[in-house]
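Okay, so here's the structure we're looking at.
Below, chains carry the letters A, B, ... as their sequence lines are ordered, and counting in each starts from 1.
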There are 2 protein chains.
Amino acid sequence: MSERPGRRLSRRALLTTAAATGAVAATGAAAGGVLLADGDATPSATSVPASTEPFHGKHQPGIAAPQQRHALFAAFDLETTDPVKRTRRSAEQLATVFGTLMEQWTLVTANLMAGREPGLRPAGSPQAPADSGVADGLAPARLTLTFGLGPELFERIGRADRRPRALEPLPAFENDRLEDAWCGGDLLVQICADDAQVLSRAFRTLRSRTPGSARLRWTQQGFLGAFGDATPRNLFGHKDGTANPRPGDTGFDAAVWADPAAGPAWFTDGTYLVFRKIRMDLPKWDTSPAHVQDQVIGRRRDNGAPLSGGHEFTTPDLTKTGPDGEPLIPADSHLALVRDIPMLRRSYNYDYGIQGTAEPTETGHRHAGHDHGPGMPAHSGSGHDRYDSGVLFCAYLRDPEQFVRAQRRLATDRLNAFIRHTGSAVFAIPPGARPDRPLAAGLLSAR
Amino acid sequence: MSERPGRRLSRRALLTTAAATGAVAATGAAAGGVLLADGDATPSATSVPASTEPFHGKHQPGIAAPQQRHALFAAFDLETTDPVKRTRRSAEQLATVFGTLMEQWTLVTANLMAGREPGLRPAGSPQAPADSGVADGLAPARLTLTFGLGPELFERIGRADRRPRALEPLPAFENDRLEDAWCGGDLLVQICADDAQVLSRAFRTLRSRTPGSARLRWTQQGFLGAFGDATPRNLFGHKDGTANPRPGDTGFDAAVWADPAAGPAWFTDGTYLVFRKIRMDLPKWDTSPAHVQDQVIGRRRDNGAPLSGGHEFTTPDLTKTGPDGEPLIPADSHLALVRDIPMLRRSYNYDYGIQGTAEPTETGHRHAGHDHGPGMPAHSGSGHDRYDSGVLFCAYLRDPEQFVRAQRRLATDRLNAFIRHTGSAVFAIPPGARPDRPLAAGLLSAR
């Protein structure tokens, strides 16, 4: 397949395609705002605030960069109905809608990540302020926005032949307890920042550009404590990410970036993201003895060392046995099952608390204004708890098959007694944007 | 009424009352953990981590202190059924349950705020670790825990005669759109910290002490950007809290602390908290012109100055008119209606995103996996949006009547077109703990 370089981003193209989709993107320039097209967005060096991550590059931001303290994951579906004509959009129309949205998101993202005003007004609102003002006075706080494309998008926009080869819907797994509402999506945005309000404003800015183009499907928000250079801890209290490849290490590139030989050409320097919402049964975990907890994981909670000894980064010895002749690291511990499958985990903890009365429960019935609490004798271990907290598991990998292989092995994981997977999605993460080319431009370029 | 000094907190009392309630609070001391009774909890100066707020004092923490960046509000109801005997508890039994829980929470809180292990094992779990380990390696991040008592608690524990005089359920207001699930509660905990994971761990620690004693009723979580010394901005982009009294200012004490002459004696140095969950229609706000937004608030968004001129802290001039003869600050703007009613606002922004498919909507029907998005022509302005974000309004005040008066005036507030109150609660906030006395001890002391 031959591909021309990606479409150039221009004001003309932006306005033309916007008008064509009915999204009526009025530009800030028309009403006193600031419109910075991507190609002329370079501010003077002195105006770039500290704590910014670079947007342009070979790869998208928010992957190899150290994790920020807050994250929001949002999935959107393309709007299949033309909001003006009320007719179903054709694949080619959807491709135009998609292309325009990616151009607008690219523009807005480049500006926000650099600490500038977003540069486009909300769709359909020429009189509205270009920005919400919510983050006025706040530093960019290492804001990154990372965009992904779901498996069904490619057919929908008539580009099935350009789907990254390894992108398939994930298979069903033995212990899945998925809720439809937290699965899938045509488009993903991962937003990360060290400041929750900077993150909230960035998401709102992106979302305000979607009316007529895309619908919000789900959101999930997570956090990490200020662990600095130490491996962050999850809500089981264990260090999570010890075995991650480090950027610059041998093997990092091979573990994380898509195989360029696998194609398609436009996807070179892309990667894949597997997202799983994993609910933790914290009351059950909290009432288990410490040695039971450690054997589930295969590591010591306090210092992260494998149960075979040493320190956090000591190579686990799966053959070493204790006085009872049993392996110190149980064969069905989490560590033993997945330690040799490389992936870049970039997970976040989440703690939604109780969300109203209408939250679906495992048993299908509802409670009016309370729950039974953890450890109540009548309900202990039943998972009967409306409280929703756990981990937003994120893995960037060369091929989602790495995750599939790991997850199949985990069918016998001791950890299954304490977790359940309730959300799932997989996305192709296109290569990074260049100043002259919006994200995913290669997907739409002329054949 | 004569009151003896509050009950002394002792290990003996703790164990005796715990056993009496069936809550079976095993102490950490019995299994290698650390039990610090409140009176002997003073560590050496060098072991106190930086970034701690004092727990003991005349007033509770988390009120006059500068706001932290994250907050969780959780309401609990006392468990009215004995979990062992399966019988309904008497008022005197509930008083014992309440007293024990406050002793345990006091102990745990003093330790967590000082950066120590919590010091008690989860209820009913003698083999479990005393702490979750979730915040190992994290600084206390100015953690504060603030406890409140709901209006119905006092009758329930047979202490109606000791109810703080000004504590009454809030009346219904004209624009209320309250959801039962987000209202009321016997007990409140406000947890604040600069680190979301420190906060999450503190809440989990408190909650693990509740089985058999109390049930979680609702939780709400909020955030603020790192505004430093500047007034924080809400999700309308406006500065929120400009008119707050400052600790040390004339009028602060009279605005915030309960009137000691009003009684009862045990409540001296207490205060009241009015909590309202206020949902914001951000798509509607975002598509309104800037001057409309400013006139709703009565201030300029950019610098917070009143529309009558000056800077953020200039006294508003409600009589000043513009070229059209109209007041520069509209009489039905938010500022004009409430500016002369003092209260200490300590509000947080919240942004829950979309929470599953089962979230109740205004019209009573549900969507499978998407919403219609902001500004969609067919739904614009209908409030038809599952996205839940806004402000967790918190006001500490001498008397909840201050809030009632303000809220009644706000019946004509222009802001009502953009907000709705969906949660509501009021609590008496007891005075601060002393090293020899758990929180709210005076409520239970001998008559």
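- With a 4.5 angstrom heavy-atom cutoff, Q293(B) touches chain A only via side-chain atoms.
- A donor-acceptor pair is defined here as one N or O able to donate and one able to accept, closer than 3.5 Å; no such pair exists between the side chain of R233(A) and the backbone of A135(B).
- Here the straight-line distance linking atom CZ of R386(B) with atom CG of L216(A) works out to 8.0 Å at 0.5 Å rounding.
- When heavy atoms are compared at a cutoff of 4.5 Å, Y352(B) approaches chain A by way of both its backbone and its side chain.
- A donor-acceptor pair under 3.5 Å is formed between the side chain of R301(B) and the backbone N or O of S132(A).
- Of the two parts of A226(B), the backbone and the side chain both hold a non-hydrogen atom closer than 4.5 Å to a non-hydrogen atom of chain A.
- Proximity to chain A is limited to the side chain of H70(B), based on heavy atoms less than 4.5 angstrom apart.
- Cation-pi geometry between R207(A) and Y387(B) is met: under 6.0 angstrom from the ring centre, within 45 degrees of the axis.
- By number of non-hydrogen pairs under 4.5 angstrom with chain B, the leading residue of C183(A), A290(A), G237(A), A75(A) is G237(A).
- Each of L72(B), N349(B), D194(B), D136(B) has some count of heavy-atom pairs under 4.5 Å with chain A, and the biggest count is that of D136(B).
- Atoms CD and CG, from Q221(B) and D351(A) in turn, are 5.0 Å apart once rounded to the nearest 0.5 Å.
- Listed for the R201(B) side chain is no donor-acceptor partner under 3.5 Å among the backbone atoms of L235(A).
- Counting heavy-atom pairs under 4.5 Å between each of L224(B), V134(B), T422(B) and chain A puts V134(B) at the top.
- Here A196(B) is the residue among G228(B), A74(B), A196(B) with the most heavy-atom pairs under 4.5 Å with chain A.
- Put simply, of G137(A), G225(A), G353(A), the one with the most heavy-atom pairs under 4.5 Å next to chain B is G225(A).
- Y350(B) contributes atom OH, which lies 11.5 Å from atom OG of S200(A) (distance to the nearest 0.5 angstrom).
- In this structure, T219(A) contributes its side chain and I354(B) its backbone to a donor-acceptor pair below 3.5 Å.
- Considering all non-hydrogen atoms of both residues, S288(A) and P129(B) come closest at O-CD, 3.3 Å.
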